[in-house]
Amino acid sequence: MLVNNIADKLESPLSQWQENRAKSITFIVTEDCQLRCNYCYMVGKNKRSKMDFSIAKKTVDYLINNRETFPEKSVIWDFIGGEPFLEIELIDEISDYIKRITYEESHPWFDSYRLNFSTNGLLYDNEKVQKYISKNKSHVEIGISIDGTEQKHNLQRVFPNGRGSYKEVAKNIPLWLEQFPNASTKVTIASEDVPYIKDSVLHLFSLGIKSVNINAVFEDVWKENDDKLFEEQLIKLADSIIEQKLYKDFKCSFFNKTIGNPLDCILNNQNWCGAGKMLCVDHTGDFYPCVRFAPFSLQNKIPRIVGNCFDGMDHNKLRPFLTLDMSTQSPQKCMDCDIAAGCAWCQAANYDFAETDTIYQRVTYICKIHKARVRANNYFWHKMDRKLAAFN
Amino acid sequence: MVSYLIVLLDKNSTSFCYYKNDSYLKSKSELISFELLEEIIIYAIKNYITLNFLYGNQQLPENYEKLIDSIDHEKIFPIKLNQVFTDGIFVINDDEIDLVHSLKENEEINLILRLPKDDLPILSETVNSLLGKFKRLNLSILDIESFTEQDLEMYEKQLKIIGEKVPELYQSGRSFELNFMSDRLNLTKMNNCDAGIKHLTIAPNGKLYICPGFYYDNEDDCIGDLVDGINIKNQRLLTLDYSPICRICDSYHCKRCIYLNNKTTLEINTPSHQQCMLSHLERNSTINLLSLLNSSKKNVEHAVSIPDIDYLDPIDILEEKQKERLNLYLKEKKNSNSI
């Protein structure tokens, strides 16, 4: 029983508000950002593309007036950039409009909504941002991206002149945690970050961040022996979490009891990614299955537009996303892999790197990293089970 | 395995399917070179491949015809050339509907009727005027990507009118085929176009394409040539197993046109809503036809039973399954939390 509770604590995702039943609507309010993180998939950041309120309004009106197409009882209004807080006044105007129109239309989303933000944290203590948080407190969720130790963070999360952003972000962490004690952070790992994983996770725990979600990038960046080093780091992290009994208060998404099994394409053939179930709109009013299908996120392919706020959804363009499953897009080596469960993919990265213009070809650059993770995960749970058995 | 090659004899060849070739109406031919035609025929002989020759609206020079006749083949040509050829497949394009009335009864001929959406109201009239004059009729409704619910209703109505006329012909003992209505009577598995699997297309530029539609949309979208061979990237996506919608569908007569799929959904393995709706209306018209034939005590040889279903687009089933899986997941999660 105790093992189950701990497993649940360690594994449960960040925020599962409304248990996957809410519609997620993402506004790309700006394609500008103060940072130029080395691993960022938003390769086309620029100062030109900013959303106008009229586009946001048109989008909200379309969503509210088409209940049949968007029947979800709840909604997550997601504001993203670039850096969304650069456009806090616009966001405030959009949020006010959403509240007003859903009230006037007696729409179920009036009292069942979240306002989500993924931010680099630089403007967190800004007066206008704070005023917005205070105004919308009970509905706001904010994730600040901080990557770990100063060394690891500054390796990737840099200003255009190359200077690291750790100090400016870290100073806002206490205020953030004071306002959102259960907040979590999302850490991204690329090849050069691997040696710093253990220290970074422990550092984030020490800052008081209770939930640390980590993603290894899907791009073709992994070098020889990265997997060995990755495994070593995770083993060291596992030892620290267990020996210091950090599992009691902290979560790290690396360790999860459900990963590392063979695929079950009969009972469990669903797609990994939610692209297509979400909706993303940019400054032109075009709709995308998620932000990574927008023009500024793609390196090799044209964007996948699934409608726009003027004409509505193009349901035919959405069909491939709604019918995607695991077995149809995975190569045979994944189907035959004994430890494939939990190996992630990003639909837009698949599309961007596919040989043809398809979302049905899964890229597997992450293969060795997943396998290393599974080995470390097995080690973690073996040690954890023994420890708890002795304790009982 | 590729068993036949469609040869575009003329850049201005008639379309014989859903794709459009706007250059068809040009008065001047842009013929395939004689040398390339020779190469194609040698290639076909060596690789045991059948050739289907697609004509434009001009006659070919005599030496071309002689060369074509040196190998077993099928000819597909616009109905305008029906005075020149006595057998083969006649294509009736939208601007040639009037010519069908002059067509003489011939139990050996196959017809392809390409009807634009705007002509839907005259579909039954056109088909019924042809009934009894041919061995087989393939119908390609054009612009299906722009079909509205009203268009679908109109199509269903037209199918019903045609379906009421067909039993009379069966009663008279005539044997004939309608791709959209009678094919499904005998099918127990998918019988699709299979472009890129069973057949490829070669254009006058010497390049190979999955089908003529890809050539006319973008000449650079080729998949090889006779010398360097064929390379279809992600070829598996052309097959039934790799189409989540089609592999659960039993509208077995559907062309499953990958060219239209690509155009409407941007994925070759995903049909549009309209494609699925049309195929299911046709499937259901086969059920109605079977019922009429049975009530008139006319048994159709090898007819299979077709179950009643309550959807017209198989994506509804997939979405239902996804909901079930989500509910199961939430239930399991709730149970595990309560331990």
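Here is how names work: the chains are called A, B, and so on, in the same order as the sequence lines, proteins then strands, and each is numbered from 1. All of these numbers come straight from a predicted model, not from anything done at the bench.
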Is any side-chain heavy atom of L237(B) closer than 4.5 Å to one of Q361(A)?
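No, too far: nothing below the 4.5 Å cut-off.
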Taking all non-hydrogen atoms of both residues, which atom of [X] and which atom of [Y] are closest, and how far apart?
| X | Y | value |
| --- | --- | --- |
| I315(B) | L322(A) | CD1-CB, 4.4 Å |
| D357(A) | E267(B) | O-OE2, 3.9 Å |
| S327(A) | Y242(B) | O-CE2, 4.3 Å |
| Q329(A) | R236(B) | O-NH2, 4.2 Å |

Would you sort out whether D313(B) and R319(A) count as a salt bridge (Lys or Arg N to Asp or Glu O under 4.0 Å), showing the intermediate values?
CA-CA 11 Å; D313(B) 185 344; R319(A) 281 165 78 88; 2.6 Å; yes
Should we count [atom1] of [X] as having more than 12 external heavy atoms under 6.0 Å?
| X | atom1 | answer |
| --- | --- | --- |
| R247(B) | CZ | yes |
| K301(A) | NZ | yes |
| K210(A) | NZ | no |

Residues that N284(B) engages under side chain to side chain donor-acceptor pair (under 3.5 Å), provided they are two or more places apart:
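So N284(B) forms no side chain to side chain donor-acceptor pair (under 3.5 Å) with any residue.
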Test side-chain hydrogen bond (donor to acceptor under 3.5 Å, both in side chains) on T358(A) and N234(B); report intermediate values, then the result.
CA-CA 9 Å; T358(A) 184; N234(B) 278 320; 5.4 Å; no
Atom pair OG1 (T270(B)) and CD1 (I359(A)), whose distance is rounded to the nearest 0.5 Å
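One finds 7.0 Å between OG1 of T270(B) and CD1 of I359(A).
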Under a 4.5 Å cutoff for heavy-atom pairs, which residue among D241(B), L266(B), L318(B) has the most contacts with chain A?
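The answer is L266(B).
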Chain A contact via [X] - side chain, backbone, both or neither, heavy atoms under 4.5 Å:
| X | result |
| --- | --- |
| T265(B) | both |
| N261(B) | neither |
| Q275(B) | neither |

So, using side chain to side chain contact (heavy atoms under 4.5 Å, CB included) as the criterion, who are the partners of N179(B) when residues are at least two apart?
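N179(B) satisfies side chain to side chain contact (heavy atoms under 4.5 Å, CB included) with R136(B), N138(B), L139(B), D183(B), K255(B) once adjacent residues are dropped.
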L318(A) versus chain B, the contacting section by heavy-atom distance below 4.5 Å:
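No part of L318(A) comes within 4.5 Å of chain B.
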